[in-house]
Number of protein chains: 2
Amino acid sequence: MALTLKDLARLANVAESTVSRAINNKPGVSEEKRKEILNLADKYNYKPNRLAKGLAEKRTKIIALLLPDLENTLSLKVISAVEEELEEQGYQMLICNTKKDISKTENYLKMLLEDQIDGVIILGGTPTTGKMIQIGLDKGERIVLVDKLLEEVVLTSHLIDHNKSGTIAAERLFKNSNKIKPVILIGEENDYIEQERLRGFVDVCKKHGHKPEILTGINTRQDGYESFFQLVNNIDIPTGIFFTSNIAGIGLIESVKTGGWLIPDDFEVIGCEDDIISRISNPKLTVIKNPLIRMAQNAAKSLIDSIRSKTVTGEVRIYEPELVENDSTK
Amino acid sequence: MALTLKDLARLANVAESTVSRAINNKPGVSEEKRKEILNLADKYNYKPNRLAKGLAEKRTKIIALLLPDLENTLSLKVISAVEEELEEQGYQMLICNTKKDISKTENYLKMLLEDQIDGVIILGGTPTTGKMIQIGLDKGERIVLVDKLLEEVVLTSHLIDHNKSGTIAAERLFKNSNKIKPVILIGEENDYIEQERLRGFVDVCKKHGHKPEILTGINTRQDGYESFFQLVNNIDIPTGIFFTSNIAGIGLIESVKTGGWLIPDDFEVIGCEDDIISRISNPKLTVIKNPLIRMAQNAAKSLIDSIRSKTVTGEVRIYEPELVENDSTK
DNA sequence: TTGTAGGCGTTATCAT
DNA sequence: ATGATAACGCCTACAA
């Protein structure tokens, strides 16, 4: 069993409180004693017990990261970014795969309330209820949102301007010619993010005198593959396609190629997310890149800041997506 | 602030110890009182404090997952599998990205020693020292290894027969013809896993009267792309290539195609790991698949088992890789 | 500057 | 079957 603070006190012939002060760099100890105690602590490799400390201080230096799922590399990116930031600050991270199950989220927020974790980062796609929001309010800034819009309450949020993704994509497609036929493939029709992208895309198309063809429910590779058949009856060359799921995009590209068409000559396509899929695809995809890593880092930072300072900013930061040009556009 | 056990005791007009017994389903409470207390607990939504419980019981229901990095989807798979298993058992998971830094590993093992976490799962690639091993011994079965061979000490381990990966790959390449020219591309030459794969591959080649061409240090896409130039001087058709890095394999395939050769007609290739890369690749890669998810699940299970039962098995389980046939072989 | 003592929320030991 | 009470390891008034 490891050394405790009490042991250290005995060894140094001082009271526990003195050791505590020395260890935590708090005033009220003579430099002499502090040095002595610190040396002893070092010598015996003393490590404070997080549990006891947490119990006494009502903070644990652990934060929870709530994710909608653990399926795509996106989650990994966020995990990695948050972990790195937290580790630097001496915090630890609990992963919660909500699988979009709302009760999991609730459990973690309860832990927050009970001082068993210091804060929560919620990634977009994680479901929430009104009840939780109240908790968020009570606890002020100990919840931060990443790529998740919550209208009912003001929480520190790091948001992506998804509308802009749509506009950037459309504008890129019209860059070379106004005569390109615009198509957009989205997933869940009712999803806020997808709606924003769609809106941005449609708006720019209008500006160019076009009304884009809109295909919804395109999530999987198979969906993407089959979506081409819906376009094929009245094909106009050139056609420009923006899809919000890269894996669906891969499917689309396959069927475009199978049909004997060329990318980017006949079809120009733009994907969402600069990931392994877009980089491996042939041709390499031109994509709209979201600064997720930066967002996740900042989220972790702002969370820790607010835990430390106990201030409530309710700050909302908007991040701009950007175009990454590759070979699927000309 | 949430309700405590003490509050509950007051509400029920009983002693704290009685509430504790009731809550934890321990004997020594009349059914009558137990019902009453449980009802109260439910009504007031009582949740025991993990920290206090951990402090008193000397266990935390938290385990640490030590990873070499958070770069590839492999880590995500393991995280996901372990998380799922633990969640079912009421455990939580702390992610530790060691970045192959040995001191990080040590910190977590120290936490183990200090009862701040209940167990550790170490994934292959994470560095360890002799000192830690001693800790492992002291603590018996609270450490389990996944795809990591530790010869100095007997710990519960879940290992992959990487040698077999090599033999399966080679045998598949020789399946259609004995005249195929075997090539193997590996990464770090001194890595145990890579050596095993190489050994298995070479052995089978020998059996077929061949001595394979061996290229080492092939890790990145670029490496893979360039590796082809090393073969190109004396090309024999057909050639069969086994690479242990899929991303390098993608590079190789690109340069094969660029050279005007066909896969699988001229070159048959086999990769390692059934992942997003192998599935998206064109042609879809025939690969050696490792049952990592199953291993990770079992590791989590065996860890919890040994925590619960406090028994030491030192069990070593070997998992067999298997061939997944796709379109990069004929 | 230093020490004493009570508390954080729970479990466990010993009486009753 | 119950209830006090002392741990668990640390922090923090308050006192000296």
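Side chains are part of it too, since the values below use all heavy atoms of this structure and drop only hydrogens, waters and symmetry mates. Letters go in sequence order (proteins before strands), and every chain restarts at 1.
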Can you tell me how far [atom2] of [N] sits from [atom1] of [X], to the nearest Å?
{"X": "B/Met111", "N": "D/dG9", "atom1": "CE", "atom2": "C1'", "answer": "15 Å"}
{"X": "A/Arg34", "N": "C/dT1", "atom1": "CZ", "atom2": "P", "answer": "9 Å"}
{"X": "A/Asn49", "N": "D/dG9", "atom1": "CG", "atom2": "P", "answer": "7 Å"}
{"X": "A/Lys26", "N": "D/dT12", "atom1": "NZ", "atom2": "C1'", "answer": "8 Å"}
{"X": "B/Asn25", "N": "C/dT11", "atom1": "CG", "atom2": "P", "answer": "12 Å"}

Taking only the side-chain heavy atoms of [X] (C-beta and beyond), determine which of [options] contains the nearest atom.
{"X": "B/Glu57", "options": "C/dT4, C/dT11, D/dC11", "answer": "C/dT11"}
{"X": "B/Thr4", "options": "C/dT2, D/dG9, C/dT10", "answer": "C/dT10"}
{"X": "B/Arg21", "options": "D/dT12, C/dG9, D/dG3", "answer": "D/dG3"}
{"X": "A/Ser17", "options": "D/dT2, D/dA13, C/dC8", "answer": "D/dA13"}
{"X": "B/Ala56", "options": "C/dG3, D/dC11, C/dG9", "answer": "C/dG9"}
{"X": "B/Asn24", "options": "D/dT2, D/dC8, C/dT11", "answer": "C/dT11"}
{"X": "A/Val29", "options": "C/dT2, C/dT10, D/dG9", "answer": "C/dT2"}
{"X": "B/Ala52", "options": "D/dC10, C/dG9, C/dT11", "answer": "C/dG9"}
{"X": "B/Ser20", "options": "D/dG9, C/dT11, D/dT2", "answer": "C/dT11"}

Give a yes/no on whether any side-chain N or O of [X] is located under 4.0 angstrom from OP1 or OP2 of [N].
{"X": "A/Thr18", "N": "C/dG3", "value": "yes"}
{"X": "B/Lys58", "N": "D/dG9", "value": "yes"}
{"X": "A/Lys53", "N": "D/dC11", "value": "yes"}

Item to complete: Select base, sugar-phosphate, or nothing to describe what B/Pro27 touches, counting heavy atoms under 4.0 Å on all strands.
Response: nothing

Discussion item. Applying a 4.0 Å non-hydrogen cut-off, can you work out what A/Ser30 is touching in the nucleic acid: base, sugar-phosphate, or nothing?
Written reply: sugar-phosphate

